[in-house]
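Predicted, not measured: the structure shown is a model, and the values here were computed from it.
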Amino acid sequence: MKKVAFLLLFVSFVHCSGRFVKREELQYFEEKYSGVYIMKQKVDAGNNQYVAQGSRVRLYFRADSDSVKVYAYPHNQTREMAMGKNILLLFAEDFPDEKYNREIFENKLNELIVPVN
């Protein structure tokens, strides 16, 4: 009985601690979007903070068990020194059948940014 209880606890822990978007997918985005981008529109980053339309930014990506996030920071600062602002937050519910879809994610992201030529 103890083995069954332990197995159920372990499976639920592994299931809950997983990422909605896999690490490899985040690395793909980090590489693909490694350049400088211009914000197409003003974005509410929360806490009465905004990222202005026309701002030049760099991006980084994060995910947890039920969401994926994109942060923007000034293009002329290092990521370690800059305070990134959340410009896109998508939850599992934002995707059909609550399954991550790269095309949907990139379409939402590309509504906000355009690469610097």
Side-chain angles (χ1 to χ4, degrees):
M1 186 67 178
K2 288 183 180 180
K3 288 183 181 182
V4 173
F6 176 76
L7 182 61
L8 289 174
L9 181 63
F10 178 76
V11 168
S12 66
F13 174 75
V14 169
H15 177 72
C16 292
S17 66
R19 291 182 175 191
F20 178 58
V21 178
K22 301 297 179 208
R23 177 171 278 129
E24 295 79 23
E25 185 77 353
L26 294 176
Q27 289 172 338
Y28 165 81
F29 285 117
E30 292 286 348
E31 290 175 20
K32 182 174 180 179
Y33 292 92
S34 63
V36 177
Y37 292 85
I38 297 173
M39 297 298 299
K40 290 183 181 179
Q41 60 193 22
K42 179 180 175 182
V43 175
D44 183 351
N47 295 328
N48 295 318
Q49 295 184 359
Y50 296 88
V51 180
Q53 179 180 1
S55 296
R56 290 178 181 246
V57 298
R58 293 187 185 272
L59 307 175
Y60 66 96
F61 302 83
R62 293 285 177 254
D64 57 27
S65 62
D66 68 346
S67 66
V68 59
K69 304 166 190 154
V70 180
Y71 292 90
Y73 62 97
H75 78 286
N76 58 356
Q77 294 182 6
T78 64
R79 183 168 150 195
E80 295 77 21
M81 299 302 290
M83 290 295 294
K85 295 181 181 172
N86 186 280
I87 61 168
L88 182 62
L89 170 60
L90 296 175
F91 291 97
E93 295 82 19
D94 296 318
F95 296 90
D97 300 323
E98 298 187 7
K99 302 274 187 202
Y100 167 76
N101 180 296
R102 180 187 284 181
E103 184 177 349
I104 291 171
F105 176 71
E106 282 195 284
N107 287 341
K108 295 282 189 185
L109 179 58
N110 289 321
E111 290 175 7
L112 302 175
I113 60 168
V114 62
V116 171
N117 292 331

**Prompt:** In terms of ring plane angle, is the pair Phe95 and Phe20 parallel, tilted or perpendicular, where the classes change at 30° and 60°?
**Reply:** tilted

Which heavy atom of [X] sits nearest to which heavy atom of [Y], and what is that distance?
X     : Y     : result
Ala52 : Met39 : O-CB, 3.5 Å
Tyr50 : Asp44 : CD2-CA, 3.5 Å
Arg58 : Ser34 : NH1-O, 3.2 Å
Ala72 : Ile87 : CB-CG2, 3.8 Å

If you measure from [atom1] on [X] to [atom2] on [Y], what distance do you get to the nearest 0.5 Å?
X     : Y      : atom1 : atom2 : answer
Lys32 : Arg102 : NZ    : CZ    : 7.5 Å
Leu88 : Lys108 : CG    : NZ    : 8.5 Å
Lys69 : Phe91  : NZ    : CZ    : 7.5 Å
Asn47 : Lys85  : CG    : NZ    : 10.5 Å
Glu24 : Gln27  : CD    : CD    : 6.0 Å
Gln53 : Gln41  : CD    : CD    : 7.5 Å

**Asked** Do Leu90 and Val43 belong together in a cluster built from hydrophobic side chains that touch within less than 4.5 Å?
**Response** yes

State, with a plain yes or no, whether a side-chain heavy atom of [X] is found less than 4.5 Å away from one of [Y].
X      : Y     : result
Leu109 : Tyr33 : yes
Glu31  : Phe29 : no
Arg79  : Tyr73 : yes
Leu89  : Ser67 : yes
Val21  : Leu26 : yes
Phe61  : Leu59 : yes

**Message:** Is it the case that the side chain of Asp64 and the backbone of Asp66 share a donor-acceptor pair, with hydrogens and angles ignored and the cut-off at 3.5 Å?
**Reply:** yes

**Whether Asn110 side chain and Glu106 backbone form a donor-acceptor pair below 3.5 Å** = yes

**Request:** For the pair Tyr60 and Val70, evaluate side chain to side chain contact (heavy atoms under 4.5 Å, CB included) and give the outcome as yes or no after the intermediate values.
**Result:** CA-CA 6 Å; Tyr60 66 96; Val70 180; over 6 Å; no

**Message:** Tell me whether Glu103 at atom CD has more than 12 heavy atoms from other residues, nucleotides or ligands lying less than 6.0 Å away.
**Reply:** no

**Message:** Under 4.0 Å between a side-chain nitrogen and a carboxylate oxygen: does that hold for Glu111 and Lys40?
**Reply:** no

**Request:** Name all residues meeting the salt bridge (charged side-chain N to carboxylate O under 4.0 Å, His left out) criterion together with Arg56; count only those two or more places apart in sequence or in a different chain, and write none if there are none.
**Result:** none

**Asked** Can you name the one residue among Leu112, Val114, Ile113, Val57 that meets side chain to side chain contact (heavy atoms under 4.5 Å, CB included) with Ile38?
**Response** Val114

